[in-house]
Amino acid sequence: LTLKKPQTMTVYVNEKKISDQSINMQWDEYVFRIGSYKNEVLNIKLAFDHLYNPKTLGLSLDERDLAVDVRKISLE
């Protein structure tokens with residue numbers, strides 16, 4: 001969930017770019033295929049194109065610059 005469009009998330013696993021994904025303004029599920037890793041520590045990075053300020057947008061008194069709200073990350 002992003003506060004405002006446009007918002008793009010880039011997913012990296014162990015420094016390798018996996019995908020670019022446009023993020024919606026409503027809750028949604030995104031699935032990424034990252035390949036097969038065995039007995040490895042995975043460094044997962046989510047990078048975002050924009051930061052939005054809820055106070056500047058008139059949504060709340062929150063003055064933080066935010067990218068997205070993430071509820072859950074799972075690896076299966």
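In this text, all values refer to a predicted model and were calculated from it rather than measured experimentally.
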Any pair counted as ring-ring contact (aromatic ring centres under 6.0 Å, His included), so long as it reaches residues 39-71, sequence neighbours left out: His50-Tyr52
Going by side chain to side chain donor-acceptor pair (under 3.5 Å), name the pairs with one or both residues in residues 65-76, residues two or more places apart or in two chains. Asn53-Asp65
Using the side chain to side chain contact (heavy atoms under 4.5 Å, CB included) criterion, which residues pair with Asp20? Sequence neighbours excluded. Thr8, Thr10, Lys17
Are side-chain heavy atoms of Thr2 and Leu66 found at a separation under 4.5 Å? no
Using the rule that two of Ile, Leu, Val, Met, Phe, Trp, Tyr join whenever any of their side-chain heavy atoms come within less than 4.5 Å, decide whether Leu42 and Val70 are in one cluster. yes
Taken in chain and number order and not counting sequence neighbours, the residues that satisfy salt bridge (charged side-chain N to carboxylate O under 4.0 Å, His left out) with Lys55 are Glu63
In one Ile/Leu/Val/Met/Phe/Trp/Tyr side-chain cluster, 4.5 Å: Ile44, Ile23: yes
For Ile73 and Leu46, run side chain to side chain contact (heavy atoms under 4.5 Å, CB included): C-alpha distance rounded to whole Å, both residues' side-chain angles, the deciding distance at 0.1 Å, then the answer. CA-CA 11 Å; Ile73 295 176; Leu46 308 177; 4.2 Å; yes
Taking the side chain as everything from C-beta on, heavy atoms only, tell me whether Asn43 gets closer than 4.5 Å to Val41. no
Which atom of Leu3 lies closest to which atom of Met25, heavy atoms considered: O-CE, 3.3 Å
Can you list every ring-ring contact (aromatic ring centres under 6.0 Å, His included) pair that touches residues 16-46, not counting sequence neighbours? none
In terms of hydrophobic clustering (I, L, V, M, F, W, Y; side-chain heavy atoms under 4.5 Å; direct or indirect links), are Met9 and Val68 co-clustered? yes
When you look at Lys5 and Ser22, which way does the side chain to side chain contact (heavy atoms under 4.5 Å, CB included) test go after all the steps? CA-CA 9 Å; Lys5 282 195 160 206; Ser22 180; 4.3 Å; yes
Can you name the residues that form a salt bridge (charged side-chain N to carboxylate O under 4.0 Å, His left out) with Glu15, not counting sequence neighbours? none
Report yes if some heavy atom in the side chain of Asn14 is under 4.5 Å from a heavy atom in the side chain of Glu40; otherwise report no. yes
